[in-house]
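When reading the values below, keep in mind they use all heavy atoms of this one structure, side chains included, and skip hydrogens, waters and symmetry mates. Just so you know, ligand 1 is whichever comes first in the structure, and atom 1 is the first atom listed for that ligand.
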Amino acid sequence: MMPDYALLARQLAALLDTRDWLTNSAQTCAFLMQEIPHLNWVGFYLQREPEVLALGPFQGKPACHPIPFDRGVCGAAARTRETQRVDDVHAVAEHIACDAASNAELVVPIVAGDRLWGVLDLDSPLKGRFGDADRAGIEALAAVFVAHSELT
Ligand code: SME
C-alpha cells in the first residue's frame, strides 16, 4: 500500500523541532525506517570533503564508507544532483552492494544553496519497490529535512 506521503511530511515537520542537522538527520532516517514499509536501510551520506560521500546517520546494517562521486548509485545522485530510482540494483553495473538484502534503491540528492550537501539513500528488499509516486513523496520528505535544518 502506498504510504500517505502528505501525512508523513506533516508528521516529520512536527518531529524536527531543532535546526541541528545532526539531530534532524538521525530523526529523519529513524522516522522513514518506521513509517515506510519494506525498507532494509535508510541513511544519509554527507559531502565532507570534495567529491567524496562520508557515511552519516543511518538505520540498518553497517554500510559502505567512503563512496567517491564516481562510484555507486549514491555517487551518481551526487554527480548529477538528480534522484536515482533503481528497480533492480543487480542490473546496474555501478551499484555498490552493502547489504545483500537490497534489491531496489532510491537516492535523493540534498543541495544547500549551490553545494551538494549529501544524499539520502533508501534500500528495499523488494524489486521495483520505489515507483514514481514514492520518488516524489520521498523527495518531499527530504525537502522537509532541508527546510528544518541548518546545513553546515
Ligand atoms: N548501494 C549504494 C551504496 C550505499 S548502500 O546502499 C547503504 C550505492 O550503490 O551507492
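Side-chain atoms of Arg135 never come within 3.5 Å of backbone atoms of Phe130 as a donor-acceptor pair (strictly under, hydrogens ignored). Side chain of Asn103 to backbone of Lys127: no donor-acceptor contact under 3.5 angstrom is found.
In terms of N/O distances under 3.5 Å, ligand 1 is approached by Cys74. In terms of polar-atom proximity, defined here as any N/O pair under 3.5 Å, Gly72 makes no such contact with ligand 1. Below 3.5 Å of separation, one finds an N or O of Val73 facing an N or O of ligand 1. Among the atoms of Arg71, none of the N or O lies under 3.5 angstrom from an N or O of ligand 1.
Here is the list of ligand 1 atoms found below 4.0 Å of a heavy atom in Trp41: 7 (C). Under a 4.0 Å criterion applied to the non-hydrogen atoms of His95, ligand 1 contributes the atoms 1 (N), 9 (O).
Within the structure, side-chain hydrogen bond (donor to acceptor under 3.5 Å, both in side chains) pairs that include any residue of residues 64-82 comprise Thr80-Gln84 (at least two apart or interchain).
At the shortest separation from atom 1 (N) of ligand 1 among protein heavy atoms lies Ile96 O, 2.8 Å. In this structure, the protein non-hydrogen atom closest to atom 4 (C) of ligand 1 is Asp121 OD2, 3.4 Å.
Donor-acceptor pairing under 3.5 Å is recorded for the side chains of Thr152 and Trp21. Under the 3.5 Å distance criterion, with hydrogens and angles disregarded, no donor-acceptor pair is assigned to the side chains of Asp20 and Ser149. Donor-acceptor pairing under 3.5 Å is lacking for the side chains of Ser124 and Glu105. The closest side-chain donor-acceptor pair between Asp123 and Asn40, if any, does not fall under 3.5 angstrom.
The side chain of Cys98, and not its backbone, has at least one atom closer than 4.0 Å to an atom of ligand 1 (non-hydrogen atoms only; side chain from C-beta on). At a heavy-atom cutoff of 4.0 Å, ligand 1 is contacted by the side chain of Ile67 but not by its backbone. Contact annotation for Asp123 and ligand 1: only side-chain heavy atoms (C-beta onward) come within less than 4.0 Å of the ligand. Residue contacts with ligand 1 for Asp99 are absent, since no atom lies close enough (heavy atoms, distance under 4.0 Å). For Tyr45, every heavy-atom contact with ligand 1 shorter than 4.0 Å involves the side chain, none the backbone. Contacts with ligand 1 closer than 4.0 Å are made by side-chain heavy atoms of Glu105 only, the backbone lying farther away.
A search for ring-ring contact (aromatic ring centres under 6.0 Å, His included) contacts involving Phe69 returns nothing, not counting sequence neighbours.
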Self-check item: CA sep, side-chain torsions, deciding dist, call: Tyr45, Phe58, ring pair (Phe, Tyr, Trp, His ring centres under 6.0 Å)
Solution: CA-CA 9 Å; Tyr45 279 93; Phe58 69 94; 8.4 Å; no
